[in-house]
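Remember, predicted model here, so these are calculated numbers, not experimental data.
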Amino acid sequence: MLVLTIINRLFELYSLAIVVYVLMSWFPNAQQSRFGEILARFCQPYLDFFERFIPPIGGISFSPIVALIALQFIQNGLDLIVSMIF
C-alpha cells in the first residue's frame with residue numbers, strides 16, 4: 001500500500017533526524033550550524049515535550065530515547081489504523 005509506505009518512510013526520516021540532531025550535541029557548535037538550526041526547528045518541539053517530564057540523570061538526558069520509543073508506538077498505531085481503513 002502506497003499510503004502505508006509513505007507514512008512509514010516519513011516516520012523513519014523523522015526518527016533519523018532526531019538521532020542526527022542528538023548526535024550533533026556531542027560536537028562543539030554543530031547544533032549552531034545552519035543544518036543544526038534546521039534540524040532544531042523540526043526536532044526540538046517534539047523533544048521538548050519529553051524533556052519536561054524526564055529530567056536528566058547525571059547530566060545525561062534520556063528523553064530522546066523515550067521520544068524515539070514513543071514515535072515508534074505512534075507509527076505502529078497509525079499503521080494499524082491505516083491498514084484497517086484500506
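Counting heavy atoms of neighbouring residues, nucleotides and ligands inside a 6.0 Å radius, atom CZ of Phe42 does not exceed 12 of them.
Contact check for Val20 versus Met24: side-chain heavy atoms found under the 4.5 Å cut-off. Inter-residue side-chain proximity for Val3 and Phe86 is flagged as met; some heavy-atom pair is nearer than 4.5 Å. The side-chain heavy atoms of Pro64 and Leu47, taken from C-beta on, include a pair separated by under 4.5 Å.
If you chain together hydrophobic residues whose side chains sit under 4.5 Å apart, Ile85 and Phe11 fall into the same group. Taking hydrophobic clusters as Ile, Leu, Val, Met, Phe, Trp and Tyr residues chained together by side-chain heavy-atom distances below 4.5 Å, Phe73 does not share a cluster with Leu78. Under the 4.5 Å side-chain heavy-atom criterion for ILVMFWY residues, a single connected hydrophobic cluster contains both Val19 and Val22. The hydrophobic clustering, which links ILVMFWY residues whose side-chain heavy atoms are closer than 4.5 Å, places Leu4 and Ile74 together. The cluster map of Ile, Leu, Val, Met, Phe, Trp and Tyr, joined by side-chain heavy atoms under 4.5 Å apart, puts Phe35 and Leu16 in the same cluster.
Evaluation of the ring-ring contact (aromatic ring centres under 6.0 Å, His included) rule for Phe53 yields Phe49 as partners, not counting sequence neighbours. Partners of Arg34 by salt bridge (charged side-chain N to carboxylate O under 4.0 Å, His left out), not counting sequence neighbours, listed by chain and number: Glu37. Under the salt bridge (charged side-chain N to carboxylate O under 4.0 Å, His left out) criterion, Arg41 pairs with no residue, sequence neighbours left out.
Exactly one of Asp79, Ile81, Leu2 qualifies for a side chain to side chain contact (heavy atoms under 4.5 Å, CB included) with Ile7. That residue is Asp79.
The closest donor-acceptor contact from the side chain of Tyr14 to the backbone of Leu71 lies at 3.5 Å or more, if one exists at all.
Nearest heavy-atom pair, Pro45 versus Ala40, reported as atom, atom and distance to 0.1 Å: CD-O, 3.6 Å. Closest non-hydrogen pair, Gln31 versus Tyr21, comes out as NE2-O, 3.0 Å. What you find for Ala70 and Tyr46 is that their closest heavy atoms are CB-OH, 3.7 Å. In this structure, Ala17 and Leu39 approach most closely via the heavy-atom pair CB-CD2, 3.8 Å.
In this structure, CG in Asn8 is found 6.0 Å from CD in Glu12, a value given to the nearest 0.5 Å. The CD1 atom of Ile69 sits 11.5 Å away from the OG atom of Ser15 when rounded to the nearest 0.5 Å.
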